Amino acid sequence: MHLHHSDTSPDGHTHGPNGSGGSGGSPQRPGGRRALRVGLGGPVGSGKTATVAALCRTLRGELSIAVVTNDIYTREDAEFLLREAVLPAERITAVQTGACPHTAIRDDISANLEAVEDLEERLGPLDVILVESGGDNLTATFSKGLVDAQIFVIDVAGGDDIPRKGGPGVTTSDLLVINKTDLAPHVGADLEAMARDAKAQRGDLPTVLTAVKSTGGITPVAGWIRERLTAWTACPA
Amino acid sequence: MNRAALLVLADGRFPAGGHAHSGGAEEAITAGRVRDVADLREFCRGRLHTSGLVAAGLAAAAATGYDPLLLDEAADARTAAPALRRTSRRLGRQLLRAARATWPCAELDDLAATRPGGAHQSVVLGLTARGAGLLPVDAAYAAAYESISGPVAAAVRLLRLDPFDATAVLAHLAADIDHVAAQAAEAAQHVHTDGVAALPAASAPLLDLTAEQHATRPARLFAS
Amino acid sequence: MSRAAVPSPPTPAPASTPASTPASTPTSASTPTERATPTERAVVGVHATARIRAARAGGTTVVPVLSGDGPFDLRRGRAHGDQARVCVLGTMTAPLGGDRLHIEATADHAAHLRITTAAATIALRGPTTAHATYDVHLRVAEHASLHWLPQPLISAARSNLRQSCTIDLAPTARLLLREEIVLGRSGEPPGRLSTRLSVRRDGRPVLEQQTGYGPGAPGWDGPAVLAGHRAVGQILIVDPALDRHPPRARLFGDNPATGQAVLTPLAGPALLITALAPDTMRLRRLLDAAHPIP
Ligand SMILES: Nc1nc2c(ncn2[C@@H]2O[C@H](COP(=O)(O)OP(=O)(O)O)[C@@H](O)[C@H]2O)c(=O)[nH]1
Ligand SMILES: [Mg+2]
């Protein structure tokens, strides 16, 4: 369920049949394209919501941002973001996923697309929309129909062999974030091995090892978002 | 006409948002009224012959080419609970998106333009069936089946039911689905002469009550 | 509740027919027929119509038409402010198989009318298994109001009744309706009961609701429909003022064992309260909690 709803949405435009197309009715930014949509996936507890919160705090001064959360059971992620006041409430929407978070970001993206488009309609042109997945296993990835780029967040406490094991999130995501490096000494994680395994799995795709809750920890991720947005804006629609 | 389009439309994997909805099953389970396969079967039987029949009638009427806006209004009058109206419109909007990509046609585009917030799911379903070249009775089948396939899929997750037993519930109700689809299609034949009053309006008090109750739950797996 | 009077040709009480109804309407004639051979089943039963019309006269409401034939005995009650009150007395409270009962009530421009019944209506199995019909048609004109507040309808075992209530409202008309249904007298299963409530405002549908309970209504007692509750009731309010102050959905009664009710705003300027309870007493308690009707 969306946090904001009414019997009939107040929007007034026609939707393109697939929201992904970058066309349709989504309001356009000065560059002539709709907002960049970035998905954040990864196992429960790896730090997706913390990453979203840190990105909002870092980028909200320079970019117009909105967030869609896919909560599994409650609206905790949305409510955490509201409580932390990382964004005004009207910029955060929660989608309910019927016990199947990966379905909502991959097989049947319609509820998420509605949420994204409703945000755009309500708020006008946006720069970036972050879509946080409800937390899945390592196979979950975002449909290209829903997002333009995806970040996969894992953490060092989940086991330092995760990059070696691979899986679609680790191997194909546009950015791999290996989070909670501050915990590495406590859990005996070998950061160098993790970086090496990630490189082997991902080839040229970027990986950052960081602790998003530490000061400056979000900087490499925020930098990556800025780069993607520049490329997105420059690229003809 | 390709009858096979009905298989595509009625497939639970058709990406129109249904997977996140339990059709009232989650609240019935929370309230302790559905505990096992036998309860699920009776829940589905009741839903099929009430809101399933109403949806089937509206879908069949839309598939005949009757004015979808009049049917949308008729659906409002047949849906007392605002939570159910919201859900139906949201699912209608999601279905419209999937339908316009799958079977593009001017009638679907027009409906999207006049009801940007979403038309009722049953009406969109009927119009989609029409766009796919299906008959009114096919639309009725899709609506009737959808009214119970969602609750069964949800109950499998919520009650950890044996999926074979749960699927047998759907098979067990096959004759009821036939009956409901035929009844709906028959009623839809009269809509052009008698107006929307000719369409079924069967209601289920508990589905209305529990839909509003479910909407107030802070923690739940399904959107409805 | 005495049925004894019914098979014999009812002689309309003088008080109940102050204005006679046009004889041209077929249903207006009382046509008691012998409950006889199976081939005549379709026509067996009492056919009767009650007519009520309220009109504005000076600062008050008068009732120029108040007629009931057959079992209908209509009485004027004491007016309440500018609201006229009429009670349908039960010389017959039991539609039997084959009966065709009809009530028509109209509140003309700016008239205010309240109709009650004196006793519960009990659907009983008659000499035939044919269904009975009980149709109510209410019309409310501009700036008029109508309260339709009958006593409960009880579906007795093996009865077979089709009840309908059709309501046509002018755009500025107001309506207050309460209906209560009891499924089976105590300890017995209900008969077959189907109801239809159709409310139109300015010709557009506001509420369209059918219910089917008892044998032949699949799933009626299951977890989606009644789940063992034996009393179900509704209050419907249509009032243009609700457009300006739309109510929020609200729940009443948190214990499913003692009944639950929900107040739901409809798509138009109307609200519907739906209550489910184990029995009439608890049903009325819930309905009163949701919207007391003095
Ligand atoms: N030590 C440490 N904890 C973190 C970091 N990032 C997130 N957490 C904590 O990890 C837990 C799960 O984070 P959350 O963002 O909710 O994970 P999600 O389920 O992936 O959204 C929370 O208690 C966070 O405070 C980090 O960089 N370092
Ligand atoms: Mg999270």
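Letters go in sequence order (proteins before strands), and every chain restarts at 1. Source: prediction; values computed, not measured.
- Annotation: Arg35(B), atom CZ; neighbour count of heavy atoms from other residues, nucleotides and ligands within 6.0 Å does not exceed 12.
- Counting only N and O atoms by type, the side chains of Tyr141(B) and Asp178(B) include a donor and acceptor under 3.5 Å apart.
- The candidate with the highest count of non-hydrogen atom pairs below 4.5 Å against chain B, out of Glu208(C), His229(C), Arg200(C), is Glu208(C).
- Interface remark: Leu272(C) contributes side-chain atoms only to the contact with chain B (heavy atom separation under 4.5 Å).
- In this model, a donor atom of one side chain and an acceptor atom of the other lie less than 3.5 Å apart for Gln260(C) and Gln213(B).
- Proximity to chain C (any heavy atom under 4.5 Å) is restricted, for Leu70(B), to the side chain, taken from C-beta onward.
- When each of Thr211(C), Val232(C), Leu226(C) is checked for heavy-atom pairs under 4.5 Å with chain B, Leu226(C) comes out on top.
- Proximity to chain C (any heavy atom under 4.5 Å) is shown, for Ala31(B), by neither the backbone nor the side chain.
- With a threshold of 4.5 angstrom between heavy atoms, Ala270(C) does not approach chain B through any atom at all.
- No side-chain donor from either of Asp99(C) and His47(C) sits under 3.5 Å from a side-chain acceptor of the other.
- A distance of 13.0 Å separates NE2 in His120(B) from CZ in Arg90(B), rounded to the nearest 0.5 Å.
- Annotation for Arg250(C): atom CZ does not count as buried by contact number, only 12 or fewer foreign heavy atoms lying within 6.0 Å.
- When each of Asp221(C), Thr195(C), Leu276(C) is scored by its heavy-atom pairs under 4.5 Å with chain B, the top score falls to Leu276(C).
- A donor-acceptor contact under 3.5 angstrom links the side chains of Gln209(C) and Gln234(C), judged on distance only.
- For Val206(C), the part lying under 4.5 angstrom from a heavy atom of chain B is the backbone only.
- In terms of heavy-atom pairs under 4.5 angstrom with chain C, the leader among Thr210(B), Asp208(B), Asp39(B), Leu207(B) is Leu207(B).
- Residues Thr117(C) and Gln151(C) bring no donor and acceptor atom of their side chains to less than 3.5 Å of each other.
- Both the backbone and the side chain of Thr274(C) come within contact range of chain B, with heavy atoms under 4.5 Å apart.
- The candidate with the highest count of non-hydrogen atom pairs below 4.5 Å against chain B, out of Ala249(C), Pro223(C), Ala227(C), Gly222(C), is Pro223(C).
- With a 4.5 Å cut-off on non-hydrogen atoms, Phe252(C) does not touch chain B at all.
- Interface residue Arg196(C): only side-chain heavy atoms are found under 4.5 Å from chain B.
- Summarising the local packing, CZ of Arg282(C) is surrounded by more than 12 heavy atoms from other residues, nucleotides or ligands at distances under 6.0 Å.
- Contact annotation for Leu251(C): only side-chain heavy atoms (C-beta onward) come within less than 4.5 Å of a heavy atom of chain B.
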